[in-house]
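Each chain gets a letter, A, B and so on, in the order the sequences are listed, and its residues count up from 1. Keep in mind that this is a model prediction, so the values were computed, not measured.
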2 protein chains.
Amino acid sequence: MRASGKSRNVTMSDVARHARVSRTAVSFVLAGRSDTSVSPQTRDRILDAVRDLGYRPNAGARALAAQRSGLFGLITEIVTAPFAVDVIKGAQERAWEDRKFLLIASSEDRADMAEAAVEKLLEQRVEGLLYAATWHRAVQVPKAAGEVPTVLVNCFDAEGRFPSVVPDEIGGGRRATERLLAAGHERIGFINLDPGIPAAVGRLEGYRQALTDAGIHPDPDLVISGHATADSGYDAAGRLLDLPDRPTALFCGNDRMAMGAYDAVRERALRIPEDIAIVGFDNQELIAAYLRPALTTVALPFEEMGRTAVSLLGSLIAAGDQGKTDGQPIDTKVTIDCPLLERSSVRP
Amino acid sequence: MRASGKSRNVTMSDVARHARVSRTAVSFVLAGRSDTSVSPQTRDRILDAVRDLGYRPNAGARALAAQRSGLFGLITEIVTAPFAVDVIKGAQERAWEDRKFLLIASSEDRADMAEAAVEKLLEQRVEGLLYAATWHRAVQVPKAAGEVPTVLVNCFDAEGRFPSVVPDEIGGGRRATERLLAAGHERIGFINLDPGIPAAVGRLEGYRQALTDAGIHPDPDLVISGHATADSGYDAAGRLLDLPDRPTALFCGNDRMAMGAYDAVRERALRIPEDIAIVGFDNQELIAAYLRPALTTVALPFEEMGRTAVSLLGSLIAAGDQGKTDGQPIDTKVTIDCPLLERSSVRP
DNA sequence: CTCGTTGACTAACGCGCGTTAGTTGGGTGG
DNA sequence: CCACCCAACTAACGCGCGTTAGTCAACGAG
């Protein structure tokens with residue numbers, strides 16, 4: 001039973017006094033240092049005192065003395081895309097494994113807020129920085145980020161100054177297409193995202209590769225670009241379905257478009273997956289899992305990207321401690337697999 | 001232009017030396033203290049030095065000396081849930097206004113993780129704690145949370161030891177029902193969530209109040225309980241629609257159920273909103289905004305709850321500083337309005 | 001000429017801890 | 001019996017900063 005109310009926090013000195021040893025001894029025991037010896041009895045006395053007094057180390061003081069905060073900073077544009085927060089989860093878990101704590105700041109998708117966020121995080125003396133985007137693209141990273149090791153997540157630096165972790169869009173496109181091919185489809189429509197963005201470029205490339213590898217010549221008429229909305233998916237799907245020689249399967253650039261495609265298919269009294277198979281992209285749970293029939297889709301590996309980014313950051317920091325960074329930009333671009341999630345919109 | 005590379009961080013002493021004053025003077029100027037005087041010239045010299053050297057205060061050291069970290073802790077069950085993002089956003093913004101920083105930890109919906117999270121946050125010497133749940137209910141808060149001011153968000157403590165901020169479920173239920181009444185509907189079906197949970201109890205109560213106030217006697221046959229899934233909504237809607245004297249409107253306990261209800265309506269070749277009006281609850285953007293027609297729904301005010309909770313926490317801490325807390329449990333329960341979002345599933 | 005007084009500063013302590021450089025007292029080997 | 005060593009500790013410095021208790025020169029009043 002601890003003291004209640006405004007009683008000052010228990011410090012290491014309190015523990016030392018209670019255990020009748022020096023504060024140094026307490027520090028050594030708690031740090032688990034094996035190079036300096038402490039007798040088992042003393043050790044136990046100290047640990048007992050810790051328990052009795054309810055001692056809790058002061059992370060700030062520790063950081064000050066040890067010259068390392070144990071904190072990582074994560075900057076994300078929380079506002080726009082709810083689903084990208086899986087990055088936080090993965091990063092959080094991985095950081096926890098290394099006994100690091102994640103400081104999360106929001107850039108609100110505004111450059112000045114991003115700068116402010118970096119500044120605040122550096123004041124907290126984070127050991128490294130993660131910068132995450134809601135959708136895969138090139139970003140402008142605040143300059144100050146260069147002062148500590150930094151890893152980009154789901155985005156990349158046009159100037160290649162920072163290493164980044166991004167989804168394997170091409171592989172995802174392949175995987176989706178291959179799944180449809182495996183189900184026997186040969187005329188596969190592709191409703192792409194706005195042209196130019198990495199997701200659109202990569203997924204289209206994967207689509208083409210898969211078809212070519214299967215000995216099918218990609219039919220340009222079966223590829224349409226849309227705008228990442230349900231309405232756009234509805235329109236595009238309608239056009240493909242009204243083709244004279246219509247496709248038997250649709251690969252949609254994302255799940256929202258797939259959602260619109262469902263409506264277009266239904267309006268034509270066609271059945272999913274019997275008459276038209278559909279594969280989405282992104283795995284937005286709230287859509288994909290609850291559509292009827294549930295949507296087979298390719299997942300963006302946000303959580304895994306978060307984990308990987310923290311791992312990478314950890315090794316960057318370790319390398320930096322040993323002075324291995326020689327000022328050269330580290331042009332690493334780690335791509336993470338996009339797994340296919342089987343649901344019910346493609347026949348087995 | 002700052003020194004690059006591994007150069008040690010600039011400290012206050014560096015600034016003092018560069019400005020040819022004592023460190024104390026620098027501290028005073030940066031703290032903006034008006035009780036002790038510093039001549040304008042000196043002030044400028046110091047501020048110039050700060051800029052020249054790129055001085056950035058060390059938050060940890062400051063916390064240690066000032067005995068207050070400027071940190072709030074936020075524990076959420078699942079960081080990745082869309083709701084959590086909004087709570088975080090609101091809390092983040094509000095905290096930022098007070099120049100506080102939010103430490104976000106996840107309990108992964110496990111009691112032991114929650115304890116660990118509280119422990120870790122207390123090690124960081126957070127000045128207060130927010131504890132947020134994914135769905136409105138009573139929760140078990142780790143005991144250690146009692147050591148600092150704590151506010152519950154979207155949940156409440158059965159023992160009433162902590163103040164909490166929750167959505168106004170009754171008001172939301174009323175609002176949804178009143179909207180349907182205003183559109184001329186009199187037979188309004190209600191597909192409720194699992195009975196017993198606060199959301200189900202409150203929304204039903206609001207539904208009844210609205211009907212009664214409108215002089216309509218609630219018909220028990222029009223109320224069905226489901227399980228918060230699209231399938232369940234589909235089944236329940238089907239049963240209501242197959243009633244001899246079927247309702248002309250459906251109020252669904254949440255948006256997923258509404259999603260299922262859409263399918264049931266479509267199967268019967270009925271149109272939304274012409275034949276059947278539908279109102280949802282929760283405003284899960286990815287569903288509500290992208291259903292066709294877009295779903296009119298009642299929003300859970302997560303962002304506002306986050307903001308309010310931080311405000312409340314701030315005042316609790318301020319009160320504690322002045323010793324106004326006398327150990328009594330503060331049984332506050334702030335309810336936040338649930339606004340109706342007009343879309344297209346109810347005719348104007 | 002002395003004594004406050006005030007404006008403009010500074011010396012120095014302590015916050016809680018990691019860490020280095022010791023200091024003991026009880027063996028061992030020669 | 002002495003030199004040496006080692007296990008088992010402890011003293012004390014410094015991390016970067018807020019804050020209290022000064023110091024010191026200038027200046028006006030008595």
note: A/Asn58, atom CG; C/dG16, atom P; distance rounded to Å ~ 7 Å

When rounded to whole Å, the CG to P distance for the pair A/Leu30 and C/dG16 reads 16 Å

Separation of C/dC17 atom P from A/Ile46 atom CD1, nearest Å, is 14 Å

Rounded to whole Å, CD of B/Gln124 lies from P of C/dG16 at a distance of 16 Å

Check your understanding: Quick one: is D/dA7 close enough that its OP1 or OP2 comes under 4.0 Å of any side-chain N or O from A/Ser37?
Key -> no

Sidechain N-carboxylate O distance under 4.0 Å for B/Glu97, B/Arg307:
yes

Residues B/Leu313 and B/Gly128: closest non-hydrogen pair is CD2-C, 3.8 Å

Ranking C/dG16, D/dC17, C/dC17 by distance to the side chain of B/Gln67, first place goes to C/dG16

To the nearest angstrom, the CZ-C1' distance between B/Arg68 and D/dC17 comes to 14 Å

Whole-Å distance, A/Asn9 CG to C/dG16 P, equals 8 Å

### Task
Give a yes or no on whether a salt bridge exists between A/Arg56 and B/Glu147, defined as a side-chain N under 4.0 angstrom from a carboxylate O.
yes

Between B/Asp112 and B/Arg110, does any side-chain N to carboxylate O distance fall below 4.0 Å? yes

Checklist entry - At under 4.0 Å, does any side-chain N or O of B/Arg62 touch on OP1 or OP2 of D/dG18? => result yes

Here the distance between atom P of D/dA8 and atom CD of A/Gln41, to the nearest Å, is 8 Å

Judged by nearest nucleotide, the residue sitting upstream toward the 5' end of DNA chain C, B/Arg45 or B/Arg125, is B/Arg45

message: Any carboxylate oxygen within less than 4.0 angstrom of a Lys/Arg side-chain nitrogen, looking at B/Lys143 and B/Glu119?
response: no

To the nearest angstrom, the CG-P distance between B/Asp44 and C/dA8 comes to 13 Å

Would you please confirm or rule out a distance under 4.0 Å between OP1 or OP2 of C/dC9 and any side-chain N or O of B/Thr42? yes

Judged by nearest nucleotide, the residue sitting upstream toward the 5' end of DNA chain D, B/Met12 or A/Arg20, is A/Arg20

Quick tally for nucleotides 19-24 of chain C: nucleotides whose base has a protein heavy atom under 4.0 Å get B, sugar-phosphate-only ones S, the rest -, giving BB----

| said: Does this structure show an ion pair linking A/Asp48 with A/Arg45, if we count only N-O contacts that are shorter than 4.0 Å? | reply: no

A/Ile88 and A/Leu102 have their tightest heavy-atom pair at O-CD2, 4.3 Å

The nucleotide from C/dT10, C/dG16, D/dC9 with an atom nearest the side chain of A/Leu64 is C/dG16

Is the shortest side-chain N/O distance from B/Ser39 to OP1 or OP2 of C/dC9 below 4.0 Å? yes

